[in-house]
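What follows is a set of notes on a single structure, which appears directly below.
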Amino acid sequence: YEQRVLAIDPKFVPAMLNLALISARQRDLSGGIGWLEKARTTAAATDNAAALPMLSTLYVGYGRPKEAISCLTDAYRSRAL
């Protein structure tokens, strides 16, 4: 469903967030990170309230703490936290 929505509106961030969650639940951290990075670059600062903390969590799980800290720093700067 989410991919059909993105075919209609490629900038629909909630669908990207759902695809990231699906990927993460299937233990596809790389896929989850990919969807969240896409959401991060597509979304307005207000939409990053969900994307940045989720992305940070996946980065930690993937053993990439510097990227996780960067996401949380960006979230704080944009007041998404």
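Just the heavy atoms: all of them, side chains too, but no hydrogens, waters or symmetry mates, feed the values below. Computed from a predicted structure; not experimentally measured.
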Checklist outcome for this item: Smallest heavy-atom separation, P10 atom then K38 atom, equals O-CE, 4.4 Å

Checklist entry - Mind checking whether L55 and V60 sit in one hydrophobic cluster, side chains of I, L, V, M, F, W, Y counted as touching below 4.5 Å? => result no

Checklist entry - Which value, rounded to the nearest 0.5 Å, describes the distance between M16 atom CE and T42 atom OG1? => result 4.0 Å

Item to check | Name of the residue among T41, L19, L17 meeting side chain to side chain contact (heavy atoms under 4.5 Å, CB included) with L36 | outcome: L17

Checklist entry - Which residue pairs satisfy the side-chain hydrogen bond (donor to acceptor under 3.5 Å, both in side chains) criterion with at least one member in residues 7-27, sequence neighbours excluded? => result E2-N18

Checklist entry - Does anything in residues 52-70 pair up under side-chain hydrogen bond (donor to acceptor under 3.5 Å, both in side chains), and if so which pairs, sequence neighbours excluded? => result E37-Y59, R64-E67

Checklist entry - What's the verdict on side-chain contact (heavy atoms from CB on, under 4.5 Å) for L52 and L72, showing C-alpha distance, side-chain angles and the deciding distance? => result CA-CA 7 Å; L52 290 172; L72 293 177; over 6 Å; no

Checklist entry - Quick one: CD1 on I69 to CG on D74, what's the gap to the nearest 0.5 Å? => result 12.0 Å

Checklist entry - How close do L58 and A24 get, heavy atom to heavy atom, and via which atoms? => result CD2-CB, 3.8 Å

